[in-house]
Amino acid sequence: MEVFKTYKQRGEWVELLFMTRAAKRGYVVSKPWGDSARYDVGIEQDGRFKRVQVKGTDCREGNNYSCLLASSKLKAYTTKQIDYFAIYLLREDIWYIFPAKRLMGQNVVVLSPHREGSVHERYKEAWKLLDSRKRASGRAAETAASKGPRKRRRTDHNGAAGDRPSE
């Protein structure tokens, strides 16, 4: 495992690791200047910009890892400040990608990377959650179009949908 003199150095390394992995997946990556922004990394895809708060943890209790979600000054984040949490488990080399609204109101999140069916399993290596909505909705439209025209439901003379009574 890497050795860092301070938690700040380790945090900067985790941010670099996130930026590298995000860039490898095709995102345009940016870093806010200074330490005054509440997010650590910005990612952009298809004209959509997302603010990511990057966390790293090696705090293990049994098979679980806990990660503090508040800032170093113990201030909670809001969805007006960040869009996603990216949490890196240092000992496991595993990322968890969470929509920020999923973790709002929590001071700590407990992750169980080796427990199948764990409450946060769907967020493990969930990089697809960062994909732009434009692209995702475009795929949905293509899928709907490929199914062909939709059947129209019959309506009665009042416009209510349903089967017509036999005459």
Side-chain angles (χ1 to χ4, degrees), residues 1-115 118-142:
M1 183 176 303
E2 292 75 15
V3 178
F4 300 98
K5 292 180 183 177
T6 67
Y7 282 109
K8 184 164 178 61
Q9 285 179 334
R10 185 180 84 175
E12 292 167 344
W13 176 78
V14 172
E15 289 173 18
L16 284 170
L17 187 58
F18 174 81
M19 290 187 284
T20 302
R21 299 223 178 145
K24 186 176 178 183
R25 286 172 170 79
Y27 299 104
V28 175
V29 178
S30 61
K31 176 79 175 130
W33 180 79
D35 285 335
S36 57
R38 293 288 282 165
Y39 65 95
D40 292 318
V41 177
I43 61 167
E44 185 264 326
Q45 180 187 51
D46 298 331
R48 293 187 53 90
F49 183 81
K50 292 150 189 138
R51 301 159 300 174
V52 182
Q53 178 58 44
V54 180
K55 299 285 186 184
T57 186
D58 62 355
C59 184
R60 186 167 74 183
E61 299 169 21
N63 290 326
N64 300 324
Y65 289 84
S66 61
C67 182
L68 181 65
L69 297 176
S71 70
S72 60
K73 296 176 184 166
L74 298 179
K75 288 186 176 181
Y77 297 98
T78 70
T79 54
K80 290 185 179 188
Q81 298 166 329
I82 63 171
D83 302 306
Y84 292 89
F85 281 101
I87 302 171
Y88 184 63
L89 305 184
L90 280 82
R91 296 180 189 194
E92 306 287 340
D93 189 28
I94 293 173
W95 284 96
Y96 281 81
I97 310 294
F98 288 94
K101 64 184 175 186
R102 175 67 180 85
L103 297 178
M104 285 299 134
Q106 294 180 226
N107 293 326
V108 173
V109 63
V110 177
L111 305 169
S112 307
H114 303 295
R115 195 173 113 222
S118 69
V119 69
H120 299 305
E121 182 178 34
R122 66 187 275 192
Y123 301 106
K124 183 176 163 183
E125 297 294 342
W127 293 90
K128 66 187 176 296
L129 292 177
L130 299 173
D131 285 351
S132 70
R133 289 185 183 153
K134 271 186 189 176
R135 210 168 96 191
S137 63
R139 282 190 297 247
E142 289 171 12

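- A donor-acceptor pair under 3.5 Å is absent between the side-chain atoms of Asp83 and the main chain of Lys50, judged by distance alone.
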Task: From CA spacing to verdict: side-chain contact (heavy atoms from CB on, under 4.5 Å), Leu103, Ile87 - done: CA-CA 12 Å; Leu103 297 178; Ile87 302 171; 4.3 Å; yes

Side chains of residues 19-27: which donor-acceptor pairs under 3.5 Å do they make with residues two or more places apart or in other chains?
unit_1	atom_1	unit_2	atom_2	d
Thr20	OG1	Leu16	O	2.8
Arg21	NH1	Asp93	OD1	3.3
Arg21	NH2	Asp93	OD1	2.8
Arg25	NH1	Arg21	O	3.2
Tyr27	OH	Trp127	O	3.3
Tyr27	OH	Asp131	N	3.4
Tyr27	OH	Asp131	OD1	2.7

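- The heavy-atom pair separating Glu61 from Ser66 by the smallest distance is OE2-OG, 3.8 Å.
- The closest side-chain heavy-atom distance from Val52 to Ile82 is not below 4.5 Å.
- Across all their heavy atoms, Gln45 and Leu130 have their closest contact at OE1-O, 4.1 Å.
- The minimum heavy-atom distance linking Ile94 with Pro113 is given by the pair CD1-CB, 3.8 Å.
- Under the 4.5 Å side-chain criterion, counting only non-hydrogen atoms from C-beta, Trp13 is in contact with Leu90.
- Identified under the salt bridge (charged side-chain N to carboxylate O under 4.0 Å, His left out) test for residues 3-17, with sequence neighbours left out: Lys8-Glu12, Lys8-Asp35, Arg10-Asp58, Glu15-Lys31.
- Side-chain atoms of Asp40 come within 3.5 Å of backbone atoms of Val54 as a donor-acceptor pair (strictly under, hydrogens ignored).
- Side-chain atoms of Gln81 come within 3.5 Å of backbone atoms of Thr78 as a donor-acceptor pair (strictly under, hydrogens ignored).
- A donor-acceptor contact shorter than 3.5 Å links the side chain of Glu44 to the backbone of Gly47.
- With contacts defined as side-chain heavy-atom distances shorter than 4.5 Å, the pair His120/Ser112 does not qualify.
- For an aromatic pair to be called close, the ring centres must be under 6.0 Å apart, and Tyr123 with Tyr96 fails this.
- The minimum heavy-atom distance between Arg60 and Tyr65, with the atom names listed, is CD-OH, 3.4 Å.
- With Thr57 contributing its side chain and Cys59 its backbone, the two residues share a donor-acceptor pair below 3.5 Å.
- Contact detail for Val41 and Val29: the closest heavy-atom pair is CG1-CG1, 3.7 Å.
- Panel note: side chain Thr6, backbone Gln9; a donor-acceptor pair is recorded below 3.5 Å.
- In summary, of the residues considered (Phe18, Phe85, Tyr84), a ring-ring contact (aromatic ring centres under 6.0 Å, His included) with Trp95 occurs for Phe18 alone.
- The main-chain N or O of Ala86 is never found under 3.5 Å from a side-chain atom of Lys55 such that the two would form a donor-acceptor pair.
- Gln106 contributes a side-chain N or O that, together with a main-chain N or O of Val108, makes up a donor-acceptor pair within less than 3.5 Å.
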